[in-house]
Asks: 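Below are the structure tokens for one structure; questions will follow.
Note that this is a predicted model, so its numbers are computed, not measured. To find a chain, count down the sequence lines: A is the first, B the second, and so on, and within it residues start at 1.
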Amino acid sequence: MDIFTAIVQILDSTIRLSVPLLLACLAGLYSERAGVFDIGLEGKMLVGAFAGAAAASVLHSALLGLGTAILISVAFALIHGFASITHRGNQIVSGVAINFIAAGSTIMLGQHWFQQGGRTPALAPGERFEAITWPGVDAVRGVPIIGPIYSELISGHSILVYIAFLMVPFTWWVLFRTRFGLRLRAVGENPAAVDTAGISVAWLRYRALICTGILTGVAGAYLSMVQNGGFVKDMTAGKGYIALAALIFAKWKPVNAMFACLLFGFLDALSIRLQGTPLPVIGKVPVQFMQALPYVLTVILLAGFIGKAIPPRAGGVPYVKER
Amino acid sequence: MAQAAIELIGINKSFGAVRANRDINLEIVRGTIHGIVGENGAGKSTLMSILYGFYQADSGEIRVGGQPASIKTPNDAIALGIGMVHQHFMLVDNFSVLENVILGAESDALLKKSIAKARSELERLEREYGLEVDPDAIIEELPVGLQQRVEILKALYRGAEILILDEPTGVLTPAEADHLFRILKQLKEQGKTVVLITHKLREIMAITDTVSVMRQGTMVATRETKKTTVEELAELMVGRRVLLRVEKGEAEAGGVKLAVKNLTVKDSRGVTMVDDVSFDLRAGEIVGIAGVAGNGQSELLEAISGIRHAVSGSVMLDGKPIDLTGKADPGELRDRGLAHVPEDRHHVGLVLAFEENENSILGYHDDPRYLKGPLLDIDAIRNDAKDKITKYDIRPADCRLKTANFSGGNQQKIVLAREMEQDPGVLIVGQPTRGVDVGAIEFIHKRLIAMRDQGKAVLVVSVELDEIRSLSDRILVMFAGRIVGERGPEASEGELGLLMAGVEQREAAE
Ligand SMILES: Nc1ncnc2c1ncn2[C@@H]1O[C@H](COP(=O)(O)OP(=O)(O)O)[C@@H](O)[C@H]1O
Ligand SMILES: [Mg+2]
């Protein structure tokens, strides 16, 4: 196998591995830009993954699965909103609580409904999202360079992958070109300014959280209905937290978020690829080291290589008008 | 016949146990400038926020243009033509001027049209009222005077006929304040109604037609401005007679306590803020440093108190140098008898979340008086705080109360009590009465003069020219980082004003 094919393969898995990160990262972007910190991305993805796979296998429909994933994930986002917007609770505590509830309830319900040790039944072909083959793939496959790039990298992903990447320009457009985006950014910086301009701070933040819920729902559905043929307990495996790190790394900007997620996805792909392969000079690297690499890099990047990341100024602070 | 633009009838509002407004009645005549004065905490902002729909009154009625109005949200107020410039600006700092102006008043779901419309509308307002500001500038890069202009533009853009300004001059230089007043007069000529909240009585006399006075949540009087005096208003505000100018005898200046020589200080951007400044401060005198804010006074204070790094020069305290590398231990300076009341009491002088008694020893907590072995002697600290509360008339007289719950004037007294009661040889005070009520100003001034009469050396920096003139035995004027002149306390306001504006200096250079 030549080096070019290897690179294309790594890039291809980079894309696949970036997608859940990207969706979660954009999800976090909506709520954090609106001033609500959301450490519960992980939990919302997990319930989305479970609900999606469970509904798809029972209803025999990938689309109904996706819809259910979004619905449940939005419901969890609203719980976070109820605690932290309506009741001005601590956003971190509420987010952590959501992660615990998600981890516990998915296993419990999974076991109760399907009796497969917390798994959902393996999804049949029509119950999961299949790869889409682009026109002309077979014709160009033989063409050097362009061929493999088109047929491996661009073609052959599920619809959710394309949706995830289309969400990047879409989110940018929403944030910077629409009234909703202007208000959303404003409420994350100075909610009092939004309030005195005659706009409801609570309703605006709720709407932002609904956006978050939709995207984490899609992220979860991707994990259980594309990457995997069903739900496995704790299958998010910290991706929600990595997405949060990517969000900071991206300074809360959508296009940066895409690059940050691609980078983390690339490291993940690389670590999988290099497992067990001896490297020149260093020799064989333990699997655990390679798996830890993305996290190590996160810490290093966050500790100093990205310059000052200024979060939305009202982030994490409940809006209180009358003390 | 004069028509009421706004009538407030029997307004009540409580925040928990605090009754911020009790049974307020107020009528504001269309096409006039109506002043509302009152000490901090009198309930002025609360009343206006109710009118603007930001807070809901517990009871009472609002009429706009003679019609009963139900104002539940700022939107209702905006629809009735009421606009408000809040005391703390309601701007999104990292948005452009245009974005701030259209926020909440966008014409469609997409921004493009709204922005284009706002841009042409801003041009019109600029022509009509002389409200110039770059529509694409980012708010945080604008000086406060311009930020305030953006707030006014926001209100006018929404079609405000009645404009409420809450303490608009607190953050402005005298020249900016004058400019604001010209704009307000112009608005009045165009038939708009202006409500001006302030605690600076002189502004009230200069610009309003009618003035109402609030005290402790009640409306105590409404007067025609022409028929009242500053003295009467001050008395109504405080509820007793106040001396606006404290009496003091001649200074008996002794030996040099603090000698500043050729001091040069740069700020973090490398701009020279203090430029070759030299002066002496003697025992038994008050030296006042006058100047428009931002001419290096803050940096001078910080350098002298050892907080900020100085580029060159020296400062001698009792003949021994102060470490000017910016790494000086402020505790060491305190031990050497230099006490410092910082300009910004909220960020530097106090920990607002602490109890009053904790703040009253902050920085002196290593003093054996407050220690029992390695532990704090809580009883000693509280008794000490209680003494200070009595002596400085700090209200409420509760040393266990959280410091944030004291009014600005009382917070300032907490800092002053802490620093003065250590009996320092040199006292440096930045903005002694910023945000402090008339009644407390008198008290603080008397205290500073008493310090002087005990033979202490006192350095006062203030942007309030009145304060400098009534306190100081010698006045140094700072402009663009230099001391551009020294005058006696008899110097006229006009003369000092010219020095502060740097006029003298330019003439000398020619
Ligand atoms: N949002 C609030 N929550 C609780 N108490 C408040 C609030 N705003 C003002 N107060 C209290 O109400 C009183 C009146 O305050 P305010 O209207 O701001 O006075 P002023 O503007 O005259 O200085 C004060 O005792 C203040 O502490
Ligand atoms: Mg106020």
Side-chain angles (χ1 to χ4, degrees), chain A residues 29 32-36 88 90 169-208 211 250-254 256 307-315 317 319-323, chain B residues 13-18 20 46 49 52-56 58 71-79 82-96 98-115 139-140 150-151 154-155 157-158 164 166 402 404-405:
Chain A
L29 196 144
E32 298 215 344
R33 276 281 188 157
V36 182
R88 302 179 193 132
N90 184 303
F170 178 74
T171 298
W172 179 87
W173 178 81
V174 167
L175 278 186
F176 297 99
R177 289 291 179 269
T178 70
R179 174 171 65 193
F180 173 61
L182 180 80
R183 293 176 173 190
L184 185 133
R185 284 183 290 133
V187 82
E189 293 288 331
N190 186 357
V194 168
D195 197 357
T196 53
I199 308 163
S200 161
V201 170
W203 174 223
L204 192 52
R205 288 189 163 167
Y206 266 111
R207 277 185 290 169
C211 297
K251 300 185 181 174
W252 292 268
K253 294 192 178 110
N256 289 2
K308 204 166 168 200
I310 303 164
R313 266 160 254 198
V317 196
Y319 178 55
V320 183
K321 190 148 79 172
E322 301 187 18
R323 273 168 276 146
Chain B
K13 174 74 184 173
S14 300
F15 294 109
V18 180
T46 304
S49 299
Y52 186 64
F54 192 62
Y55 296 140
Q56 292 288 299
D58 300 333
I71 302 182
K72 293 212 164 57
T73 67
N75 250 344
D76 299 333
I78 293 166
I82 301 172
M84 179 156 176
V85 175
H86 293 263
Q87 186 168 3
H88 307 285
F89 298 157
M90 295 296 181
L91 296 170
V92 181
D93 285 343
N94 55 2
F95 276 20
S96 71
L98 270 177
E99 287 176 317
N100 269 290
V101 167
I102 62 171
L103 182 66
E106 310 90 340
S107 52
D108 310 34
L110 300 186
L111 291 181
K112 210 167 170 182
K113 271 196 216 148
S114 313
I115 293 216
I139 295 294
E140 59 198 348
V150 176
E151 284 280 36
K154 258 170 74 176
Y157 182 75
R158 287 159 169 73
I164 306 164
D166 194 354
K402 214 169 93 173
N405 293 342

Asks: Apply salt bridge (charged side-chain N to carboxylate O under 4.0 Å, His left out) to residues Asp195(A) and Lys321(A) and explain how you reach the verdict.
Replies: CA-CA 9 Å; Asp195(A) 197 357; Lys321(A) 190 148 79 172; 3.5 Å; yes
Asks: Can you tell me which portion of Arg183(A) sits under 4.5 Å from chain B's heavy atoms? Options are side chain, backbone, both or neither.
Replies: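 Contact with chain B involves both backbone and side-chain atoms of Arg183(A).
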Asks: Could you walk me through whether Thr178(A) and Leu111(B) pass the side chain to side chain contact (heavy atoms under 4.5 Å, CB included) test, one step at a time?
Replies: CA-CA 5 Å; Thr178(A) 70; Leu111(B) 291 181; 5.5 Å; no
Asks: Is Asp108(B) in contact with chain A via its backbone, its side chain, both, or neither, using a 4.5 Å heavy-atom distance?
Replies: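 Answer is backbone: N, CA, C or O of Asp108(B) sit under 4.5 Å from chain A.
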Asks: Can you tell me which of Ile115(B), Leu103(B), Leu110(B) forms the most heavy-atom pairs within a distance under 4.5 Å of chain A?
Replies: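 Going by pairs under 4.5 Å, I would pick Leu103(B).
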Asks: Phe89(B) versus chain A, heavy atoms under 4.5 Å apart: side chain, backbone, both or neither?
Replies: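 The backbone, not the side chain.
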Asks: Which region of His86(B), side chain (C-beta onward) or backbone (N, CA, C, O), has a non-hydrogen atom less than 4.5 Å from a non-hydrogen atom of chain A, or is it both or neither?
Replies: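 Only the side chain of His86(B) comes within 4.5 Å of chain A.
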Asks: So do Asn190(A) and Asp93(B) actually touch side chain to side chain, heavy atoms under 4.5 Å?
Replies: no
Asks: Who wins among Thr196(A), Ile310(A), Ile199(A), Val194(A) for the most heavy-atom pairs under 4.5 Å with chain B?
Replies: Thr196(A)
Asks: Can you see whether Glu140(B) engages Asn94(B) through a side-chain donor-acceptor pair at a distance of less than 3.5 angstrom?
Replies: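 Result is no, nothing qualifies.
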Asks: I'd like to know whether Cys211(A) forms a side chain to side chain contact (heavy atoms under 4.5 Å, CB included) with Phe180(A), so could you lay out the CA-CA distance, the side-chain angles of the two residues, the decisive distance to 0.1 Å, and finally the verdict.
Replies: CA-CA 12 Å; Cys211(A) 297; Phe180(A) 173 61; 4.2 Å; yes
Asks: Side chains of Asp76(B) and Ile82(B), heavy atoms from C-beta outward: is any pair under 4.5 Å?
Replies: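 Answer no - side chains too far apart.
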Asks: By a 4.5 Å heavy-atom criterion (distance strictly below it), what part of Arg185(A) contacts chain B: side chain, backbone, both, or neither?
Replies: both
